[in-house]
Amino acid sequence: MNINGNNLNISNYLSMPISMSGVASGVNWQSLISQMMSVSEKPLNSLQAQLAQIQNEQNVLENQFKPMLENFRESLLTLELPSTFLGTTASLSSPNNMSVVTTSNAIPGSYQIKIDNLATFTTINPTNTVGKSISPSATLSTLQIRTPITAGFFTINGVQINVNPSTESLDDVINSINSSAAGVTASYSASTDTLVLTGNSNAVINIGSSSDTSNFLSATYLTNAPETLNSSGDTTVSSTTHLGAVSTGFTLSQLGISSGSISINGFTINVNATQTLSNFISQINSSNANVTAWYDPNADKVYLKSNVGGPVSINVSETNPLSPTGVLTTFGWANATQTTGQNAQIDVSQNNGTTWTTYTSSTNKVTNAIPGAIINLYSPTSNPVTLTISQDTQRAVNAVQNFVNSFNNIVNWINTQYNQQPPQTNSASASATASGSAQGVLYQNQILNQVLSSMKKLVYQMVPGLTSYNSFPSVGITTGAVGSGWYQTMAGTLSFDPSQLVQALQNNAQQVYEMFANDPSSPNGNPSVGTGIIKQFDNTLYQYTQFNGIIDQYASNQGYLGSRMISLNEQIYQTAVMLKQQEEMYIRQYTAMEQAIASLSGQGNLITSTVASFTSSNP
């Protein structure tokens with residue numbers, strides 16, 4: 001049965017409209033039926049008002065109160081963290097060379113730190129470029145270069161020079177430049193695989209024009225190349241990268257590499273000749289070889305660096321030397337030298353520089369010098385840097401203040417809802433309630449009372465096993481100072497004195513933490529101390545807010561309120577059926593009356609007509 005009781009109305013059941021009411025009797029009996037039915041509808045209106053009240057109660061509990069408690073419970077997590085109460089802060093006299101992060105295990109004090117050197121990482125220095133030197137006599141279109149040369153013209157010193165890659169070689173273009181009026185001499189350097197322009201009579205060389213239609217200058221790396229002076233004092237411009245430099249989009253087979261596998265630091269790297277250079281580099285970096293490979297487009301080399309700092313070696317070899325892939329020779333790794341890394345080294349003094357202790361690390365993060373401190377190194381120091389580690393009490397103060405504020409907001413909301421009475425019971429208020437007003441829907445609500453009582457009870461708990469700091473009042477959380485007034489005590493709101501908490505943390509931070517958050521059943525808890533008050537709050541609130549918890553058992557569709565709504569909907573339906581039957585009975589009765597009166601009226605008219613006819617025929 002799917003009935004929305006709030007939408008039911010007796011007018012829905014007037015399925016037999018009455019017309020020409022009282023034609024025979026002269027009585028407006030349709031109006032009489034409406035008046036009688038309006039009296040009979042009062043029980044239906046009352047049921048609808050009750051249903052609306054329960055629906056509003058369910059809505060406020062499930063969609064306002066429960067989320068409010070869930071958010072409050074989530075906020076308690078900060079007060080369950082050791083770092084909130086046992087945390088420390090670090091400050092440096094000079095933050096340029098290092099940064100320091102401290103944990104709850106850090107020991108407050110003053111330290112002097114010198115950074116002797118940073119950690120460096122072993123790097124393989126390739127012996128050759130990936131791309132081969134070009135043949136200046138080969139047709140330009142056949143060259144395996146990073147950017148294919150396009151046909152058109154390019155400009156040097158304002159003179160346009162045509163180029164056709166399909167028919168011309170680099171030697172042909174050099175001849176065209178030298179025979180032009182550009183005022184430069186072009187040449188190919190076989191030792192560096194570059195194109196060199198030398199200004200005649202030490203003239204300035206202007207490269208390119210916005211109207212150029214060929215990419216020759218950029219493809220040969222002359223665009224934006226700097227001007228220099230050669231040994232003869234002539235102005236020269238040379239390719240910034242060797243002409244045979246490759247692109248990371250080239251496949252390994254284009255580079256002369258075959259399929260197979262190589263080994264880096266004992267880990268196999270599969271080689272697929274159809275994959276691109278970019279993909280192969282990514283494959284190396286995502287492997288377990290603990291190295292980073294990268295391609296330098298200016299040098300046209302693939303470098304390999306260890307991810308582990310310090311004096312380690314990078315071991316690279318072909319998996320099958322009898323059928324090599326060619327990776328090591330193509331990348332210049334086969335006989336390459338390695339720049340060996342070194343460990344980071346710092347010196348630490350705890351007595352203002354009287355004595356020093358040296359510590360090393362394979363990375364630029366030192367964790368073994370000062371307990372509970374992580375020192376991130378940026379650059380060597382010229383003078384000692386002072387590190388001051390101190391107790392962080394502000395974090396705990398902020399967390400407790402947020403707790404008190406949230407606690408008071410919930411308590412005040414509960415008190416307002418619990419004491420707000422519903423509208424007076426009359427026809428107007430019943431209509432307002434049925435239309436969806438939520439005023440007073442939680443008046444004297446048992447769930448609100450239970451939650452408020454539980455929260456008040458927890459505030460006064462004392463944690464067994466602790467001495468000096470075993471309760472909220474011992475750290476400055478109270479229901480108000482002496483003379484603060486009866487309302488705060490009765491309402492259950494809290495006051496907080498931050499200075500008292502700071503003093504307690506300075507005296508015994510561990511005990512303060514255990515008073516708030518100890519879990520004796522946890523591996524990190526203290527089994528000799530009872531459950532912390534915030535932990536008790538967490539457990540209690542969970543009982544109310546969990547799925548099918550106390551609130552759901554009362555307010556959900558499957559709970560107490562849900563069963564009441566089902567019952568009321570059934571009553572509303574049955575009452576509506578009864579009212580419809582009552583209305584139909586009234587209609588039948590008045591219709592019969594009208595028919596009887598109409599029949600009698602017809603007989604009277606016949607008698608009158610007969611008498612009149614007899615009288616007129618017998619004067």
Side-chain angles (χ1 to χ4, degrees), residues 123 125-247 294-303 331-332 335-337 339:
T123 303
N125 304 305
T127 57
N128 53 260
T129 59
V130 177
K132 304 298 188 293
S133 296
I134 69 165
S135 171
S137 61
T139 305
L140 293 176
S141 60
T142 64
L143 297 179
Q144 182 169 286
I145 58 178
R146 184 177 296 165
T147 305
I149 296 173
T150 58
F153 66 84
F154 59 91
T155 305
I156 299 177
N157 288 335
V159 177
Q160 294 180 353
I161 299 165
N162 293 311
V163 58
N164 186 344
S166 299
T167 59
E168 292 182 301
S169 66
L170 180 61
D171 286 340
D172 294 330
V173 178
I174 289 175
N175 291 332
S176 297
I177 295 173
N178 294 339
S179 61
S180 72
V184 298
T185 300
S187 61
Y188 170 72
S189 172
S191 62
T192 59
D193 189 36
T194 57
L195 179 61
V196 181
L197 301 180
T198 303
N200 298 336
S201 302
N202 199 23
V204 174
I205 304 175
N206 295 311
I207 301 292
S209 169
S210 59
S211 62
D212 286 352
T213 58
S214 171
N215 67 345
F216 178 84
L217 295 175
S218 61
T220 55
Y221 311 107
L222 290 174
T223 303
N224 299 322
E227 289 187 357
T228 60
L229 296 178
N230 62 17
S231 58
S232 301
D234 297 321
T235 303
T236 62
V237 174
S238 301
S239 303
T240 55
T241 300
H242 84 100
L243 299 182
V246 303
S247 164
W294 76 96
Y295 173 73
D296 183 341
N298 293 321
D300 188 38
K301 293 182 178 181
V302 177
Y303 291 87
F331 291 171
N335 299 307
T337 60
T339 302

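FYI, the numbering just counts along the sequence from 1. If you're wondering where the values come from, they're calculated on a predicted model, not measured in any experiment.
Here the shortest heavy-atom pairing between A245 and T241 reads CB-CG2, 3.5 Å. Of all the heavy atoms in K301 and P126, the pair that sits closest is NZ-O, 3.6 Å. Nearest heavy atom pair, residue S238 against residue A225, reads O-CB, 3.4 Å. Here the closest heavy-atom approach between residue S166 and residue S141 is recorded as CA-OG, 4.0 Å.
Atom CD1 of residue I161 and atom CD1 of residue I156 lie 4.0 Å apart, to the nearest 0.5 angstrom. Here the straight-line distance linking atom OH of Y303 with atom OG1 of T123 works out to 9.5 Å at 0.5 Å rounding. For the atom pair CD1 of I149 and CG of L217, the computed distance is 9.5 Å after rounding to the nearest 0.5 Å. In this structure, OG1 in T198 is found 9.5 Å from CG in N178, a value given to the nearest 0.5 Å. To the nearest 0.5 angstrom, I207 atom CD1 is 11.5 Å from S218 atom OG. Expressed to the nearest 0.5 Å, how far OG1 of T167 lies from CG of N164 amounts to 3.5 Å.
Judged by distance alone, with hydrogens and angles left aside, the side-chain atoms of S180 form a donor-acceptor pair with the main-chain N or O of A182 at under 3.5 Å. Side-chain atoms of N157 come within 3.5 Å of backbone atoms of N206 as a donor-acceptor pair (strictly under, hydrogens ignored). Not one N or O on the side chain of Q144 forms a donor-acceptor pair closer than 3.5 Å with the backbone of G244. Using a distance-only test at 3.5 Å, with no hydrogens or angles considered, no donor-acceptor pair links the side chain of D234 to the main chain of N230. Side-chain N or O atoms of T235 include none that pairs as donor or acceptor with a backbone N or O of V204 at under 3.5 Å.
Under 3.5 Å, the side chains of T240 and N298 contain no donor-acceptor pair of N or O atoms. A donor-acceptor contact closer than 3.5 angstrom is absent between the side chains of T142 and T139.
Using a 4.5 Å heavy-atom cutoff, the side chains of H242 and Y221 are not in contact. At least one side-chain heavy atom of I174 sits under 4.5 Å from a side-chain heavy atom of Y188. Counting only heavy atoms from C-beta outward, the side chains of E227 and I205 approach each other to under 4.5 Å. Side-chain atoms of V237 and V196, non-hydrogen and from C-beta on, never get closer than 4.5 Å to each other.
Atom CG of N335 is surrounded by 12 or fewer heavy atoms from other residues, nucleotides or ligands within 6.0 Å.
Residue pairs meeting the side chain to side chain donor-acceptor pair (under 3.5 Å) criterion with at least one member in residues 208-217, sequence neighbours excluded: T150-N215, T155-D212, S209-S211. For residues 131-185, the pairs satisfying ring pair (Phe, Tyr, Trp, His ring centres under 6.0 Å) are F154-F216, with sequence neighbours left out.
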| field | S176 and N162: CA distance, side-chain angles, deciding distance, side-chain hydrogen bond (donor to acceptor under 3.5 Å, both in side chains) verdict | value | CA-CA 8 Å; S176 297; N162 293 311; over 6 Å; no
| query | Could you walk me through whether T228 and T236 pass the side-chain hydrogen bond (donor to acceptor under 3.5 Å, both in side chains) check? | reply | CA-CA 5 Å; T228 60; T236 62; 2.9 Å; yes
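Each of L170, L143, D300, T192 was scored for a side-chain contact (heavy atoms from CB on, under 4.5 Å) with L243, with one residue passing: L170.
By the ring-ring contact (aromatic ring centres under 6.0 Å, His included) test, Y295 is found to be paired with no residue, residues two or more places apart in sequence or in another chain being considered.
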